[in-house]
Structures are given as structure tokens and as C-alpha cells.
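Note sheet for the following structure.
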Number of protein chains: 2
Amino acid sequence: MLAKTSNFEADLQDVATFAKALGHPARAAIVQHLAQNESCICGEIVDVIPLAQATVSRHLKTLKEAGLVKGEIDGPRSCYCLDAAGFARFAATMRDFLDGVEAHPIGDQCCP
Amino acid sequence: MLAKTSNFEADLQDVATFAKALGHPARAAIVQHLAQNESCICGEIVDVIPLAQATVSRHLKTLKEAGLVKGEIDGPRSCYCLDAAGFARFAATMRDFLDGVEAHPIGDQCCP
DNA sequence: ATCCGTTATCGTATTTATACGATAATATCG
DNA sequence: CGATATTATCGTATAAATACGATAACGGAT
């Protein structure tokens, strides 16, 4: 392909990166689950997500790379929790984007 | 693969679907551009996005399928604009998700 | 009716994402 | 130390996404 994603403005890049991280229901579910159980759940995530353990582990890795989740891997019982700072940045980025779009009047009847 | 995305709750599914639609900087840029120029721009989008015309057209299709953008194709000068209702739904879905996560205390020191 | 400019689609190639079984790694417990 | 439980990684297969050139389709202008 070519990953020509570098020709865009940084803020749009951030929006896209964060959005992509949530762009799979399993990852959205993981984030929500980690939030609802504020203490970080470990392998319990695997039980909640209807996917194989290896697949869940990979989704967790994706979330970690996106900075939304932190994980302490201690052999038998790994430990994941939301990355407070990372999630805050994400939320701010997304809200700014949404607000920015809605700051303009969205003409519904375009090109009459 | 198997697209086992159907085993998740509907709201998470929506979050993921919308997030995925924004999960590419070109699409985020298109949405932002359509918002900033409230009148719908037609082929101008291609000039703004640093990608080939065919690729931009496909991204537009993706956005249209996600319900974020509306397009009137009239031969020589197609016309795209934000889908006001669709974008509102998206914004609400995303904000609900963010709010829901932040409604819980995000324990930063997980599993001590 | 023909040409022209614009846009969508097709065909294709490459990369990335998704998924799972199998295996390795690692800390805890007996 | 050995057994066990948990998790990450590997190998692999398949699907989806991304990208572009080429071509078709289409309305408007000549």
C-alpha cells in the first residue's frame, strides 16, 4: 500500500489514530469494561470478550499502542487499566473535532 | 477471518462503526473540510486531499455508507455535504461513550 | 450528436487487520 | 524445584483496507 497517512495535519492524524483504536467493537468493549470496573481486571477481560485469548491479547496490545490502556504484565496475572492521561487526550481530541465540525452550520440542503 | 463483530452490544457496535469511519486521516480531513466550507464542495475535495481521485472517491463512499456524508451525484459536478442527522447521531454516540467511560473514576494506579 | 470535464467504478496490487491454535514465557503455589 | 495457571507471542490463514491507473458513465457545452 504505502501508508500515505503522513501528509495530513497532525490533529487530523490524531483523530484518525484514536478513532482507529476504537474502530473495533472488541476494543470499544474492552475500554468500556475497564472503565466500569475501575480496578483493573486481568484475564477477566478474556471471559467478557467473545473472542479467543490470543485475539483479545492482540486487541489489548493495539489499545496499549494507542495509549488508551496501560498494562502491567506480571506473568500469571497481567493487569490492565485505562491510561488516564491517554484517554483524556483521546477524549479531548475527539471532542475538539466534534465541536469543530459542529461549530459550522451544517447545511443539510447542499447544492440545490 | 470471520467478522465476529456481531457478538457485541449494539451501542458498542455503533461506536466502533463510527470510529472506524473516522479512522483514516483522509476521511477525518474530508469531514472537517465539508464542515468548514458549509456549502458542499464537489471535486474540490480531491484537490485538498493528497490522494488520487479514485482513492478519494472511495473514502467518500465509505463516509457515505457510515452515514456521515451525503452525496448527490450529477455527472459532471458531484456534490457532497455532511449528513446533518448522521453526524449528530455520530457525535452523540461518541460523546455518550466518552462520558460513560469518564463517569467512572479512572484509577491510574491499577493493580499495585 | 459529439466532445469535455468530472466522478464513479473496475481491476489489481500491496498492506494491514483479524482471528485462532499452538507454543513459549513467567510468576505463583505446592 | 516442579507443577500450574495466566498471558504474550508465533505461525498461519483469511478478510478487509488502502491505493492507484485505467476505464466507464454521465451531464453539460459546443
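Note that the structure is predicted; figures quoted are calculated from it, not measured. Residue numbering restarts at 1 for every chain, and letters A, B, ... go by the order of the sequence lines.
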For residues 44-61 of chain B, tabulate all N or O donor-acceptor pairs below 3.5 Å that involve a side-chain atom, not counting sequence neighbours.
from, atom 1, to, atom 2, distance (Å)
B:Glu44, OE2, B:His33, NE2, 2.7
B:His59, ND1, B:Arg27, NH1, 3.0

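- Straight-line distance from the CG atom of A:Leu22 to the P atom of C:dA17: 15 Å, rounded to whole Å.
- Nucleotide C:dC20 holds its C1' atom 16 Å from the CD1 atom of A:Ile49, rounded to whole Å.
- Between B:Lys20 and the phosphate of D:dA17, there is a side-chain N or O to OP1/OP2 separation shorter than 4.0 Å.
- In this structure, the side chains of B:Leu82 and B:Leu68 stay at 4.5 Å or more apart for every pair of heavy atoms.
- Across the protein-nucleic acid pair, A:Glu44 atom CD and D:dT6 atom P stand 12 Å apart, rounded to whole Å.
- The interatomic distance linking A:Glu65 (CD) with C:dA17 (C1') rounds to 12 Å, in whole Å.
- B:Asp96 pairs by the side chain to side chain donor-acceptor pair (under 3.5 Å) definition with nothing, not counting sequence neighbours.
- Residues forming a salt bridge (charged side-chain N to carboxylate O under 4.0 Å, His left out) with A:Glu102 (at least two apart in sequence, or on another chain): B:Arg95.
- Here the C1' atom of nucleotide D:dA8 and the CG atom of A:Leu51 are 16 Å apart, to the nearest Å.
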Identify all pairs in which a protein N or O lies below 3.5 Å from an N or O of nucleotides 8-12 of chain C, and state each distance.
from, atom 1, to, atom 2, distance (Å)
C:dA8, OP1, B:Tyr80, OH, 2.4
C:dA8, OP2, B:Ser57, OG, 2.9
C:dA8, N7, B:Gln53, NE2, 2.8
C:dA8, N6, B:Gln53, OE1, 3.1

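- Straight-line distance from the CD1 atom of A:Ile45 to the P atom of D:dT6: 14 Å, rounded to whole Å.
- Atom-to-atom, CG of A:Asp47 to C1' of D:dT7 comes out at 13 Å; the value is rounded to the nearest Å.
- The side chain of A:His59 places no N or O atom within less than 4.0 Å of a non-bridging phosphate oxygen (OP1 or OP2) of C:dA17.
- Listed by first and then second residue, the salt bridge (Lys or Arg N to Asp or Glu O under 4.0 Å) pairs that reach into residues 11-26 of chain A come to none, sequence neighbours excluded.
- Partners of B:Phe90 by ring pair (Phe, Tyr, Trp, His ring centres under 6.0 Å), not counting sequence neighbours, listed by chain and number: B:Phe18, B:Phe87.
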